[in-house]
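Here the structure is laid out as structure tokens; the discussion comes afterwards.
Reminder, nothing fancy here: chain letters follow the sequence lines and each chain counts from 1.
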Amino acid sequence: RSALQFTVLAECSTTKARASTMVLPHATVETPVFMPVGTQGTLKGLLPDQLLALDCRLILGNTYHLGNRPGVSTLKQAGGLHRFMNWPRALLTDSGGFQMVSLLDLAQITEDGVKFRSPYDDSECMLTPEHSMEIQASIGADIMMQLDDVVDATHADPERFEEARHRTVRWLDRCLKAHQRPDRQNLFPIVQGGLDVDKRKDCARRLIERDTPGFAVGGLSGGEAKDDFWRMVHVSTNELPKNKPRYLMGVGFAVDLVVCSALGIDMYDCVFPTRTARFGSALIMKHPGALNLKARAFRLDFDPIDQECPCFTCQNHSRAYIHSIIHEPSACHLITVHNVAFQLRLMKTIRQNILADTFPQFIQSFMLANYPDKKYPMWAINALQAVGVQLS
Amino acid sequence: MSRRTHLLPGPYGQSWTTPLLLTSLKGGAVPHLTKETLAYMEIEPAFLAPAAPIVQQTEVLEKYQKGLTSFLGLPHQFSLMTPLDPSVPDRPGFHTQKSVALWHNGNKTSVTPEMYMRGVIAAQPSAFVALCDSETPVGASNKRKGKAVSKSLDFLDRCLLMKASEPRLSDSLIFGAIEGGYDAQCRAFSAKETVQRPVDGFLIDGFHTNGVTSGDLIWSDAQPLLQSILKALPDSKPRLYQGSCSPKMTLDLIEIGIDMFESSYVFHETEAGHGLIFPNTLKPVTSPDNGCHASLDKKVDFLDLKDPQFKDDFSPIHQSCTCYSCRKHTRAYINHLLATKEMLGPVLLMIHNLHHYQIFFRTIRECCETDSISALRALI
Ligand SMILES: [Zn+2]
Ligand SMILES: [Zn+2]
């Protein structure tokens, strides 16, 4: 028995977008979905009840950080991360590998796993596929990620990609073997293959053979060109089965969410909306995409961040007020609430338009609102054209 | 003997019973909280609003027109505007003959009584303390102390005049500050002169230099002066004290006749990662589990939740506390949030600590009514 039921409710008749429900042990998630990132068992100062008030159903935790603090022992005693942080709804955890490679200078990948020096006591440690599964089991996330061999997409050496692609498949088999509770936790493999169409396809095909409940598209949203990025997403979703969710890791800008949903992606995560809130930046649905509430221009602006936003911040506070307290932690909380609400509202709008089969028209009006001068980025024009939507 | 409870006429037809706790704002918000998270509190707070952020944006509040608490999105509760932020250490040496230096976010504003009153009119608080000079730290010269008194009286007179001619302030209470540092003569003169003016209440000011050190007040030095000042004040008008007050100091001050306090103690404890656990009701409660290492017969006011001993402690901060944090979260989780410097740590602590201190004040009011404050004192 699988811990995930995925039902496609509607497919866009023009693009590859779909609207689905994904039933997880702790929540029924409506897709396309954006997952806010709660790295260390908390979402940037928000109480779990505030996330419930926003109808957020799925958040992400980072295995590398949670494995360090509070650690496996505390998580096990607490009965998992849901209980530890008192979050009743669904959780997804990454494998820890990507965080290590990007955060630790000394991380080194061998066949056994990711070798690294502990930032706490300088000892040599090894994150193996089995160890990653053990930590993720103690966290108890509804969806876990396999440990994958991460290579920066802009990496020059084609042999390194070849190695990473094969190793990712070998590590998936080790993760599957170590996976103890397939009835309560789902394991997603990660499609790798750099920026090479054939290798992506091949990697996807070999992962599909393992019959997992869903798939992630990895190794993107790094430093690669946007035209490479969308093509790899396009290739990957073409290969992946239609009856399973597809998760594009590390993507969260509004335009990317709209375009990649058209390419057939169902799930996203990104630190951007919560991180940018810390710098006083509040997201809006139109050009220029965000308001920097630190700017003096908002001193006498008594409008809410977004007139149409139903979030607590917009219903109760003005831009002028947030500007006036911008140096207080409270200002960050107010903007974080709004930015999470923004992401969820955008995804809901995308979903509603897919269900009504008006998604192409929505894309056009959304892009026009964000680029009123019609100077659309070339990659977005190309990506949308590939799925039958013209930007004029 | 404890002072009888005293009703403060509040806005919106409410009345406020003393001893009263005012929740101190910091730059326009309850530290770490928002209107949304404040709504999780059981008790709606009354507020103390330091003047610096108000006078630095008088123009904004004037354009806004609906007053400070409305601008901040706070519930319509009692609000009192006061010159200095009691949670921030004073920066001495910037006052002038005609003005008082108020600081906010590193910006200094030299505020005259006229500027101050413009801020008061824009903020429309339920009450305000007239602009005053409290720069009389231990060791201040006699000249400086005399100066603080005369300047504060002069400022008070000007604030009173402006208030009298401003219909928008007809419902606002005005408090006069008693100054003079640690000098009996200056204090006596300040009290005698202030009492003669048409003020609605008093701020007992100038005993410390604000910030966390305000809690280190040397009681034996301050007590005789405080006592003689309070004796000189009419019984019918409320007396406000600003500065960090431990539970014991709060009871000491109430006993000699202070009616109103503010919450900078709660703020400092929260910043330190402490969860308050001192007895705040008369009800016999099962003694809070102070953690495995703390000895139970030793009275502790707080738990240091940064301590690794709480890493796997899945009990609430305080066993019998009904606050949001204690109902929903554990010491272990808060310990983790503090260890990882996550913003939610102080949020949960602030909710608990403020709640705990509010309940303490509720108990104090009950004890004043039943003349049983000594029973509470015995627990502290
Ligand atoms: Zn909003
Ligand atoms: Zn509590």
Side-chain angles (χ1 to χ4, degrees), chain A residues 38-50 53-54 65-66 68-71 73-79 81 83-88 274 277-278 296 298-302 304 311-313 315-318 320-337, chain B residues 25-40 53-54 56-57 59-66 68 70-74 104-107 271 308 310-314 324-325 327-330 332-348 350-351:
Chain A
T39 297
Q40 319 211 66
T42 161
L43 204 128
K44 293 297 153 223
L46 300 198
L47 298 165
D49 277 343
Q50 289 178 281
L54 292 168
H65 288 102
L66 292 164
N68 283 326
R69 293 183 304 201
S73 155
T74 299
L75 285 165
K76 274 188 181 159
Q77 288 177 65
L81 182 61
R83 285 207 195 155
F84 184 66
M85 67 181 289
N86 198 8
W87 171 243
T274 42
R278 289 218 297 287
R296 252 186 96 80
F298 298 108
R299 212 170 119 87
L300 294 169
D301 187 339
F302 300 113
C311 85
F312 194 95
T313 302
Q315 293 300 309
N316 288 278
H317 296 290
S318 63
Y321 171 59
I322 301 169
H323 171 80
S324 78
I325 60 159
I326 203 74
H327 298 291
E328 303 296 329
S330 306
C332 176
H333 300 328
L334 291 175
I335 303 173
T336 302
V337 165
Chain B
L25 300 176
K26 211 158 164 45
V30 177
H32 303 290
L33 303 184
T34 64
K35 180 178 185 169
E36 186 178 15
T37 44
L38 266 176
Y40 292 118
I54 297 170
Q56 285 180 6
Q57 52 175 346
E59 186 203 353
V60 177
L61 289 167
E62 282 172 346
K63 286 243 162 62
Y64 180 72
Q65 290 186 332
K66 286 177 275 182
L68 181 73
S70 209
F71 180 66
L72 306 184
L74 294 172
H104 179 52
N105 287 334
N107 297 321
E271 295 300 297
F310 299 111
K311 193 175 175 337
D312 297 324
D313 184 342
F314 299 104
Y324 179 88
S325 301
R327 279 187 287 115
K328 300 267 184 173
H329 295 286
T330 62
Y333 185 51
I334 295 169
N335 176 263
H336 166 71
L337 295 172
L338 296 174
T340 51
K341 297 190 169 54
E342 283 284 349
M343 296 181 86
L344 191 59
V347 171
L348 292 176
M350 193 68 193
I351 290 175

Give the member of A:His65, A:Arg83, A:Glu328 that has the highest number of heavy-atom pairs under 4.5 Å with chain B.
A:Glu328
Max heavy-atom pair count under 4.5 Å with chain B, selected residue of A:Pro48, A:Cys332, A:Ala53, A:Ala78
A:Ala78
At a 4.5 Å cut-off on heavy atoms, which part of A:Ser318 comes close to chain B: side chain, backbone, both, or neither?
side chain
Pick one of side chain, backbone, both or neither for A:Phe312, based on which atoms fall under 4.5 Å of a heavy atom in chain B.
side chain
Which atoms form the tightest heavy-atom contact between A:Gln50 and B:Tyr40, and what is the distance?
N-OH, 3.9 Å
Contact class of A:Tyr321 relative to chain B, heavy atoms under 4.5 angstrom:
both
Measuring from atom CD of B:Glu342 to atom NZ of A:Lys44, what distance do you get when rounded to the nearest 0.5 angstrom?
3.5 Å
When rounded to the nearest 0.5 angstrom, what distance separates OG1 in B:Thr340 from CG in A:Leu66?
9.5 Å
Heavy-atom cut-off 4.5 Å, strictly under: side chain, backbone, both or neither for B:Glu59 against chain A?
both
Turns out that what part of A:Leu43 lies under 4.5 Å from chain B's heavy atoms comes down to neither
If you count heavy-atom pairs under 4.5 Å with chain B, which of A:Thr42, A:Thr39, A:Val337, A:Ile325 comes out on top?
A:Thr42
State the CD-CG distance between A:Gln77 and B:Asp312, to the nearest 0.5 angstrom.
4.0 Å
Atom CE of B:Met343 and atom CG of A:Leu46: how far apart are they, to the nearest 0.5 Å?
9.0 Å
With a 4.5 angstrom heavy-atom cut-off, could you sort out which part of A:Asn68 is near chain B: side chain, backbone, both or neither?
neither
What part of B:Val60 lies closer than 4.5 angstrom to a heavy atom of chain A: side chain, backbone, both or neither?
both
In terms of side-chain heavy atoms, does A:Asn86 have a donor or acceptor partner in B:Lys328 at a distance below 3.5 Å?
no
Rounded to the nearest 0.5 Å, how far does NE2 of A:His327 lie from NE2 of B:His104?
7.5 Å
Residues B:Gln57 and A:Ser324: closest non-hydrogen pair is OE1-CB, 3.3 Å
Starting at OH of B:Tyr333, measure out to OG1 of A:Thr74 and round the result to the nearest 0.5 Å.
13.5 Å
Looking at side-chain heavy atoms only, is the closest gap between B:Leu344 and A:Leu47 below 4.5 Å?
yes
Part of B:Leu33 lying under 4.5 Å from any heavy atom of chain A
backbone
Part of A:Leu300 within contact of chain B (heavy atom distance under 4.5 Å)
side chain
Heavy-atom distance under 4.5 Å to chain A: side chain of B:Tyr64, backbone, both or neither?
both
For A:Ser330 against B:Pro31, the heavy-atom pair lying closest together:
OG-C, 4.4 Å
Within the distance-only criterion (no hydrogens, no angle test), does the side chain of B:His336 pair as donor or acceptor with the backbone N or O of A:Met85 below 3.5 angstrom?
no
Closest approach of B:Ala339 and A:Arg69, non-hydrogen atoms and distance?
O-NH1, 3.3 Å
